[in-house]
Amino acid sequence: MPQDFNFTRTVVSHGWYALPPFSYDEKTGVLERVLELQDGSIVNCSLNSGRRSVQARLEVKSNESDQTTEIRKQLRTCLRLDEDFTEFHRDVSLHKEFRWLQGTGSGRLLRAPTAFEDLVKMLCTTNCTWALTTVIVTNLVRLLGRRAPNGNSTFPSPSAIASKSETFLRRKIKAGYRAPYLLELSRRVASGDLNVEAWRATSLSTADLLKQLRAIKGIGPYAAENMLKLLGRYDHLGLDSWVRARYYRLHHAGRKVKDTTIQARYNKYGKWRGLLFWLEMTRSWHERG
DNA sequence: GCGTCCAGGTCTACC
DNA sequence: GGTAGACCTGGACGC
């Protein structure tokens, strides 16, 4: 476990913890997650921070060593435990306005076991309230995921979504006008035409990766730039109405400014600007962890 | 309870 | 390259 890892801050780093197949109990500090393994088995995992806040404990009911290895791998992926943040914390220490971050273990953003799940969820956050995002993702998991013994379900596979009609996605999943985008993305991934999982380890430049993301129907600047953060690239801000409003309050007494003004303020932070921007906008979340 | 309006990103057509 | 309108839903609001 990296010394600069903080379980709670990673879990509540953004809204993913509240979307199934994740669930989080703030009182007990337990993060639940349903995982599907390569052999087709489905397991329910419980994670908590243990006695020391920098350690996570896995409670997995599986006796198969192969399964345990795969479960650990998937959970490490979600918590970004294999991502090195040494350089980030060293660079941040050079900026006095971010001294409050020192020693907090902030920086890791929770993600799904697969890039496909992250991408679908990102698509489901576009042009709607968080309440509607929750409805769409919950419907996807409930109606198209595979059921675990405890009644919870996995996130649906690309082929499970691709096998449904646009009308089903529109009406039953409540994806609305996003339905054709969701269907096209799932079909391309299921057919092998688009390998989004490769993006997590690609040597492509961030600019080229951004181009590929933007080529997906329904993924605009906001969704693509925030997806980049879940791929380990932090040099874009990923502006939406919520962070803009937050920024206006924090730095301009609520007065609106141009996006270029916001971007100019964070340019000096180089490749970490997107992550520092997000951490600053959500500082109150981190301080409760 | 019903109707209207608005917010929320992205796409497409148009200038 | 910039802009306007459409897309769909939930919530707020007025009646």
Side-chain angles (χ1 to χ4, degrees), chain A residues 13-20 109 111-112 115-144 156 158 161-162 164-189 193-194 196 199 206-231 233-250 252 254-264 266 273-275 277-278 281-282 285:
Chain A
S13 53
H14 64 121
W16 262 209
Y17 69 87
L19 295 176
L109 304 177
R111 67 181 180 183
F116 174 71
E117 181 181 327
D118 282 335
L119 200 47
V120 168
K121 283 178 170 171
M122 203 60 78
L123 184 56
C124 295
T125 66
T126 58
N127 199 24
C128 65
T129 58
W130 183 252
L132 182 56
T133 297
T134 304
V135 167
I136 300 170
V137 173
T138 301
N139 286 338
L140 279 171
V141 170
R142 187 171 57 88
L143 299 176
L144 298 177
I161 301 175
K164 294 297 175 184
S165 67
E166 185 182 317
T167 305
F168 178 90
L169 298 175
R170 197 179 279 270
R171 304 272 163 78
K172 301 290 183 187
I173 301 296
K174 295 242 177 204
Y177 74 93
R178 301 164 200 82
Y181 304 149
L182 187 53
L183 199 53
E184 184 179 326
L185 169 64
S186 301
R187 284 179 175 162
R188 288 185 64 196
V189 173
D193 173 52
L194 182 65
V196 298
W199 288 343
T206 301
D208 286 340
L209 199 47
L210 185 61
K211 263 186 205 166
Q212 293 200 12
L213 281 160
R214 290 295 313 276
I216 297 170
K217 286 272 182 67
I219 301 293
Y222 148 81
E225 292 180 15
N226 280 298
M227 186 63 201
L228 278 178
K229 293 175 190 165
L230 301 184
L231 295 169
R233 315 291 183 105
Y234 304 105
D235 36 9
H236 288 272
L237 303 191
L239 298 172
D240 67 4
S241 56
W242 186 84
V243 287
R244 282 191 186 95
R246 194 97 176 153
Y247 176 86
Y248 302 151
R249 277 202 303 275
L250 279 171
H252 296 274
R255 184 174 54 85
K256 284 186 180 179
V257 294
K258 289 180 180 176
D259 286 355
T260 48
T261 303
I262 305 176
Q263 285 153 355
Y266 293 86
R273 54 186 178 261
L275 184 55
F277 172 68
W278 177 250
M281 294 307 108
T282 60
W285 301 3

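Reminder, nothing fancy here: chain letters follow the sequence lines and each chain counts from 1.
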Write down the distance between [atom1] ([X]) and [atom2] ([N]), rounded to a whole number of angstrom.
X: A:L182; N: B:dG9; atom1: CG; atom2: C1'; value: 16 Å
X: A:K217; N: B:dT10; atom1: NZ; atom2: P; value: 15 Å
X: A:L185; N: B:dT10; atom1: CG; atom2: P; value: 14 Å
X: A:N127; N: B:dG9; atom1: CG; atom2: C1'; value: 4 Å
X: A:N139; N: C:dC8; atom1: CG; atom2: C1'; value: 15 Å
X: A:K258; N: C:dG2; atom1: NZ; atom2: C1'; value: 13 Å
X: A:W130; N: C:dC8; atom1: CH2; atom2: C1'; value: 18 Å
X: A:R178; N: B:dG9; atom1: CZ; atom2: P; value: 11 Å

* Could you check whether A:I136 gets within reach of a base, just the sugar-phosphate, or nothing at all, counting any heavy atom under 4.0 Å? => nothing
- [ ] Classify the nucleic acid contact of A:A223 as base, sugar-phosphate or nothing, counting any heavy atom under 4.0 Å across all strands shown.
- [x] sugar-phosphate
Taking every heavy atom of A:M281 against every heavy atom of A:Y266, the minimum-distance pair comes out as CE-OH, 3.6 Å
Minimal heavy-atom distance between A:P180 and A:R170, with the atoms involved, is CD-NH2, 3.8 Å
When A:Y177 and A:A131 are each assigned the nearest nucleotide of DNA chain C, the 5'-most assignment goes to A:Y177
- Query: When you check the phosphate oxygens OP1 and OP2 of B:dG8, does a side-chain N or O of A:S241 lie under 4.0 Å from one of them?
  - Reply: yes
Interatomic distance, CG@A:L210 vs NE2@A:H236, rounded to 0.5 Å, equals 5.0 Å
Against the side chain of A:K174, the closest entry in B:dG8, B:dG9, C:dG10 is C:dG10
Closest to the side chain of A:R170, out of C:dC7, B:dG8, B:dC11, is C:dC7
Is it true that A:E225 and A:K229 make a salt bridge, defined as a side-chain N closer than 4.0 Å to a carboxylate O? no
Decide, yes or no, whether a salt bridge links A:D193 with A:R187 under the criterion of side-chain N to carboxylate O below 4.0 Å.
no
